[in-house]
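Every number for a ligand or one of its atoms is a count from 1 in the order of the listing.
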Amino acid sequence: MPYPWTTAWVTGASTGIGRELVNLLAAAGVRVAATARSADKLAELARRSPSILAIPCDVTDRAAMRDAHDRIIASFGRIDLAILNAGVWDQTPASKFDAGRAAETMAVNYLGLANAVDPLVAEMVARKGGHIALVSSVAGYRGLPLASYYAPSKAAATSLAEVLRGELPRHGIKISMINPGFVETPMTAVNKFPMPYMIKADDAAMRILRGLQKGKFEIVFPWQMMAMMKLARLLPYPVYFWLVQNVIAKQASEPEQ
Ligand SMILES: NC(=O)c1ccc[n+]([C@@H]2O[C@H](COP(=O)([O-])OP(=O)(O)OC[C@H]3O[C@@H](n4cnc5c(N)ncnc54)[C@H](OP(=O)(O)O)[C@@H]3O)[C@@H](O)[C@H]2O)c1
């Protein structure tokens, strides 16, 4: 089935899942704008296909994100699909919590979404069309050990996706939320703990595009991680914290900082 989009914007496109999304979309003939901070990696990506427009941009820079959005509209005419994928992972034991690092993660994983949603919604509401997909994580379902910056930022991303999904369809805008489990990318390459049911980045990108093509709101994979995290969400706190302290935290050992 051909993709229903002729133009797209992928943030966090220089590596990992974002890069694979750009490759798949461009291979299918979709004109795709690829943004991230690494200009060299984006330029290399753009050399692969004339359908790829590389725009170096930091998601934490609100003005730069608006400029990037406006440049894409100027080149493509409109953005049919925006996949807001840029993200960072910073593993720290809660005993060494650092507010500065919490702010850095929130700036990328939550405010980075907000900085894209702002210009996208304004243009899409006026046009009464478009599809915005926010990349969150299964880590957004519950507070997990060693994720004292990441999990709250993804819970915020999940909440934003739910709010937008409640309100924006009446303006003709589709909203999706993407919650991957473990995916083999530079982000997870640093992890020393076991990562069950890990999948490859190109597999993740295919699952994401399939879900978006079907117009799904919640795209979560693989099913084993979905089942575990959704079950974890249903557990009463005493049971959940027993599991965290006796099973999960023992596997995710505290690194030396
Ligand atoms: N891998 C997993 O297991 C997993 C699981 C659940 C959710 N996710 C989510 O999936 C998304 C993609 O992750 P990934 O695994 O593909 O990681 P990745 O390979 O590390 O890619 C992260 C991307 O985000 C970009 N980025 C980071 N900070 C940025 C900033 N300030 N401004 C603009 N771009 C920025 C990076 O590019 P530059 O450094 O060039 O800016 C890179 O392109 C993230 O939101 C992540 O939280 C991943």
Hydrogens and angles aside, do Ser14 and Arg19 bring a side-chain donor and acceptor to less than 3.5 Å of each other? no
When you compare ligand 1 with Thr188, is there at least one nitrogen or oxygen pair between them that comes in under 3.5 angstrom? no
If we only consider heavy atoms of Gly181, is any one of them less than 4.0 Å away from an atom in ligand 1? yes
Check: Val108 N/O within less than 3.5 Å of ligand 1 N/O: no
For Thr158 and Ser136, does a side-chain donor sit closer than 3.5 Å to a side-chain acceptor? yes
Salt bridge or not for Lys96 and Asp98, using N-O below 4.0 Å? no
Look at atom CZ of Arg142 and say whether more than 12 heavy atoms of other residues, nucleotides or ligands are closer to it than 6.0 Å. yes
Without hydrogens or angle criteria, can the side chains of Asn109 and Trp89 be said to hold a donor-acceptor pair below 3.5 Å? no
When only distance counts, is Thr185 in polar contact with ligand 1, meaning an N/O pair under 3.5 Å? yes
Candidates Ala201, Ala86, Ala34, Ala68; heavy atom nearest atom 34 (N) of ligand 1 found on Ala86
At a 4.0 Å cut-off, with the gap strictly under it, does some heavy atom of Lys41 reach an atom of ligand 1? no
More than 12 heavy atoms of other residues, nucleotides or ligands under 6.0 Å from OH of Tyr197: is that the case? no
Short N/O distance, under 3.5 Å, between Asn85 and ligand 1? yes
Pairing donors with acceptors under 3.5 angstrom, does anything connect the side chains of Tyr141 and Asn179? yes
Judging by distance only, is a nitrogen or oxygen of Ile17 under 3.5 angstrom from one on ligand 1? yes
Less than 3.5 Å between some nitrogen or oxygen of Phe182 and one of ligand 1, yes or no? no
Return the residue, atom name and 0.1 Å-rounded distance of the protein heavy atom closest to atom 39 (O) of ligand 1. Arg37 NH2, 2.9 Å
Does a donor on one side chain and an acceptor on the other come within less than 3.5 Å for Asp58 and Thr60? yes
Within reach of ligand 1, part of Ala139 (heavy-atom separation under 4.0 Å): neither
Taking only heavy atoms of Tyr150 into account, list the atoms of ligand 1 that are under 4.0 Å away from them. 6 (C), 7 (C), 8 (N), 9 (C), 46 (C), 47 (O)
Are any of the N/O atoms on Val135, whether in the backbone or the side chain, positioned under 3.5 angstrom from an N/O atom of ligand 1? no
If you have a sec, work out which protein heavy atom is nearest atom 17 (O) of ligand 1 and how many Å separate them, to one decimal? Met187 CB, 3.3 Å
Does even one non-hydrogen atom of Ala204 get within less than 4.0 Å of ligand 1? no
Contact partition for Arg19 relative to ligand 1, non-hydrogen atoms under 4.0 Å: neither
Taking non-hydrogen atoms only, is Ser136 closer than 4.0 angstrom to ligand 1 via side chain, backbone, both or neither? backbone
With heavy-atom distances below 4.0 Å as the criterion, list the atoms of ligand 1 near Ser137. 6 (C), 7 (C)
For atom 37 (O) of ligand 1, which of the options Ser14, Pro56, Ala189, Ala13 provides the nearest non-hydrogen atom? Ser14
Within a distance under 4.0 Å of any heavy atom of Gly87, pick out the atoms of ligand 1 and give their elements. 22 (C), 24 (O), 27 (C), 44 (C), 45 (O)
Under 4.0 Å, heavy-atom basis, I'd like to know which part of Ala107 is in contact with ligand 1: side chain, backbone, both or neither. neither
Quick note on ligand 1: atoms under 4.0 Å from a heavy atom of Val88 include exactly 27 (C), 28 (N)
